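One-based numbering along the sequence shown. The structure presented is a predicted model; accordingly, all values stated were derived computationally and were not measured.
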Amino acid sequence: MVLKARYSDNEHGVPHFAGLTGAKLSILVSVIATSGFLLFGYDQGVMSGIITGEDFNNYFPQTKNNSTWQAFVTAIYEVGCLLGAIFQLMCGDAIGRRRAIILGASIMIIGVIIQVTAFSGANATAQFIIGRTVTGIGNGINTSTIPTYQAECSRTNNRGLLICIEGGIIAFGTLLAYWIDYGASYGPPNLTWRFPIAFQIVFGLIIAITMIWLPESPRWLLTRERHEEAIAVLAALRGTHREDEEVKLQAGIINDSIRASGHIGGNTPYSALFTGGKTQHFRRMVLGASSQFFQQIGGCNAVIYYFPLLFQETIGTGHNLALLLGGVNMVIYAIFATTSWFIIERVGRRKLFIIGSIGQCLSMVLVFGALIPGTPSAAKGAAVGLFTYIAFFGATWLPLPWLYPAEINPLKTRAKANAVSTISNWLWNFTGKADIPHQKHPTRANCMSIVVMFTPPFVTAAPWGTYLFFAVVNACFVPIIYFFYPETRRRSLEEIDLIFAKGYLENMSYVRAARELPYLTDEEIDAKAREYGFTSDDDEAGQIKEARYGEKEGDLAANVGGQLA
């Protein structure tokens, strides 16, 4: 089998991957998963300091003083990411989590090599564009897969923390790219743009090579009926032998979930994404995808776009000071991106989503209120609002949309639904974030978007109108989250399945079901799964509207003509 994970047992019969087991193995899995998102953040930010540079524009003359070409060369990356996410939607179930990550990192390395080896001449820009697209495809595969892999290999008590670290590390990757661009700008002409781009290979090699020795997701292995390997992975992650009762119980719970969802064989039809019933596949896919959508339309791109312009044009600072304040803004962004790491399992997903939405809304209120007078002194208040916005965004809406889809979706549709969520992100990222330099300041690449494309007329006529709009948008997030987003903190992935079964079978809202379902041990999850009929191949039970809590399987079958899959 291609790239099959290798492991060995020690003298106590405990499986080891990469020579590690237990906590050390889990830490290495998390480090590599986090490196994937560090690379994501770096790749997102690396072009900002390059695309309008003199050396780059001389080498690729089409981009010189041409904002359309500069936008195209940069934004084509998002198209690649979208294609990579679509590929994972189509093939993710077949190739597995581990091999998908290796494939994604390898494709990114190939894309980087294509970019940095572009030969000067008529075809240089075309080669660079192809390289950017290829790199994006690899990143799209990785961002669709890594949160799922991390979620399926994590313990319940630290899953939220680990995936939030992944999401938050994006800011550190962007910060690193910002300062590497700045440092390289003092080097010789070729180094100014080749080195920052080539530096991505370091992360790509670390991810691709190390993943060869790491385990596959135990949940994916069980869907492919590779039980011996799955047991070895579960035992290795727990640091115990295969015959341990906890390992057997965990494997049994996962198998029950697989049988209940009809996911035996590991191939999920696209139609499964649109089913309801006690599995609520469609609702859960929409919940995950909507969080990615909300992240992109909440105003983050417009904030990054307008930040340097506010200082240069409205407050009247010099160009260098504006760049320095931009660097400070990125530092604040990275610092606040770490706050969710410490509170995610204490505060929970719902509260952080709501806190972030309110904070972003009030920040936008401050921005538009300070811009109304149209004076430099009043505009300083708007600068404060932009700083507070990026702080709230970094602490909440930056990491959470990467966590929520990975855990809210059930095993049967997790790979495809998480790919749909990532497609949502990249679709709105592309239509909402093409790096178009501002015409008056061609030395600065700013984040422009279709979301921001409708803002220039606003900014010209009444700059505050744009931010009033985003204040309203963020305010609209709050009731949607409050009424439709169930809390998932401290829940195992199989326990989350029970929340939706409880809501459906007992005819209550899923938010209420999450609140009323007590936290369960593995033994209690197994018992509750049997109580809800999750121990038989009842994928069609998700379609049986007559099913209600407490009815027996035979009664349910009778209600639908004996059809119980």
Side-chain angles (χ1 to χ4, degrees), residues 26 29-38 40-41 85 97 101 142-173 217 219 284-296 298 300 336-357 392-411 413-415 417-426 477 480-481 484-497 499 511 514:
S26 297
V29 167
S30 300
V31 167
I32 298 306
T34 300
S35 297
F37 270 71
L38 183 66
F40 167 28
R97 323 311 191 210
I101 295 172
N142 278 351
T143 53
S144 298
T145 308
I146 289 174
T148 298
Y149 177 70
Q150 180 72 85
E152 294 182 344
C153 291
S154 303
R155 289 178 176 267
T156 301
N157 60 353
N158 65 2
R159 182 183 66 244
L161 166 64
L162 295 175
I163 301 180
C164 270
I165 290 175
E166 288 175 12
I169 211 71
I170 296 172
F172 284 87
S217 159
R219 288 169 171 84
R284 295 162 79 170
M285 178 185 69
V286 170
L287 286 172
S290 66
S291 68
Q292 294 276 20
F293 168 66
F294 291 161
Q295 181 197 61
Q296 292 301 314
C300 61
F336 276 88
T338 67
T339 58
S340 64
W341 305 356
F342 305 102
I343 61 176
I344 183 63
E345 294 299 347
R346 295 182 181 180
V347 177
R349 287 59 160 160
R350 271 168 52 85
K351 288 182 181 178
L352 279 184
F353 270 130
I354 292 173
I355 290 170
S357 299
F392 276 106
F393 176 77
T396 58
W397 278 100
L398 172 65
L400 288 176
W402 297 103
L403 165 62
Y404 205 61
E407 61 183 9
I408 200 69
N409 288 294
L411 181 58
T413 60
R414 186 170 295 133
N418 207 43
V420 169
S421 298
T422 309
I423 288 171
S424 172
N425 179 281
W426 289 116
F477 295 165
I480 295 174
I481 294 163
F484 297 104
Y485 278 45
E487 182 56 70
T488 56
R489 75 182 180 107
R490 295 172 52 197
R491 300 285 191 182
S492 71
L493 297 177
E494 287 68 38
E495 210 171 346
I496 295 170
D497 293 340
I499 289 173
V511 171

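Atom CD1 of Ile170 sits about 13.0 Å away from atom CD1 of Ile165, to the nearest 0.5 Å. Rounded to the nearest 0.5 angstrom, Leu352 CG and Thr396 OG1 are separated by 7.0 Å. Note: Leu162 CG to Trp341 CH2 = 11.0 Å, rounded to the nearest 0.5 Å. The structure places CD of Glu494 at 12.0 Å from CD1 of Ile499, a figure rounded to the nearest 0.5 Å. Atom CG of Leu398 sits about 8.0 Å away from atom OG of Ser340, to the nearest 0.5 Å. Interatomic distance, OH of Tyr149 versus CG of Asn142, reported as 12.5 Å (0.5 Å rounding).
Side-chain contact between Ile408 and Arg349 is absent, with no heavy-atom pair separated by less than 4.5 Å. You'll find the side chain of Pro401 stays beyond 4.5 Å of the side chain of Asn425, heavy atoms only. Leu400 places a side-chain heavy atom less than 4.5 Å from the side chain of Phe353. Considering only heavy atoms from C-beta on, Pro399 stays 4.5 Å or farther from Ile163 through its side chain. With a 4.5 Å cut-off on side-chain heavy atoms, Ile32 and Ile101 do not count as touching. The side-chain heavy atoms of Thr143 and Trp426, taken from C-beta on, include a pair separated by under 4.5 Å.
In terms of heavy atoms, Arg97 sits closest to Ala415 at NH1-CB, 3.4 Å. Taking every heavy atom of both residues into account, Ala171 and Ala337 meet most closely at CB-CB, 4.0 Å. Nearest heavy-atom pair, Ile344 versus Cys164, reported as atom, atom and distance to 0.1 Å: CG1-SG, 3.7 Å. Heavy-atom minimum distance, Ser144 versus Asn418: O-ND2, 3.1 Å. In terms of heavy atoms, Val29 sits closest to Cys153 at CG1-CB, 4.4 Å.
The salt bridge (Lys or Arg N to Asp or Glu O under 4.0 Å) test applied to Arg489 returns no partner, not counting sequence neighbours. Scanning for side-chain hydrogen bond (donor to acceptor under 3.5 Å, both in side chains) contacts around Ser154 gives Gln150, with sequence neighbours left out. Listed by chain and number, the residues in a side chain to side chain contact (heavy atoms under 4.5 Å, CB included) with Phe294 are Ser290, Ile297, Trp397, Phe477, Ile480, Tyr485 (sequence neighbours excluded). Applying the side-chain hydrogen bond (donor to acceptor under 3.5 Å, both in side chains) test to Asp497 and every residue at least two apart in sequence or in another chain returns Ser257, Arg284. Residues passing the side-chain hydrogen bond (donor to acceptor under 3.5 Å, both in side chains) test with Ser424, sequence neighbours excluded: none. Residues passing the side chain to side chain contact (heavy atoms under 4.5 Å, CB included) test with Val511, sequence neighbours excluded: Arg350, Ser509, Arg515. Under the rule for a side-chain hydrogen bond (donor to acceptor under 3.5 Å, both in side chains), Ser291 has no partner lying at least two apart in sequence or in another chain. Qualifying side chain to side chain contact (heavy atoms under 4.5 Å, CB included) partners for Ile354, counting only residues two or more places apart in sequence or in other chains: Ile358, Val478, Ile481, Tyr482. Here Ala417 pairs with Leu273, Met285, Asn409, Thr413 under the side chain to side chain contact (heavy atoms under 4.5 Å, CB included) rule; sequence neighbours left out.
At least one donor-acceptor pair closer than 3.5 Å links the side chain of Arg219 to the backbone N or O of Glu152. A donor-acceptor contact shorter than 3.5 Å is absent between the side chain of Gln292 and the backbone of Thr422. Checked by atom type and distance alone, the side chain of Glu487 never pairs as donor or acceptor with a backbone atom of Ala514 at under 3.5 Å.
Shown here is Phe484, whose CZ atom has no more than 12 heavy atoms of other residues, nucleotides or ligands within 6.0 Å. Within a 6.0 Å radius of CZ in Phe336, no more than 12 heavy atoms belonging to other residues, nucleotides or ligands are found.
Applying the salt bridge (Lys or Arg N to Asp or Glu O under 4.0 Å) rule to pairs touching residues 159-169 yields Arg159-Glu407, sequence neighbours excluded.
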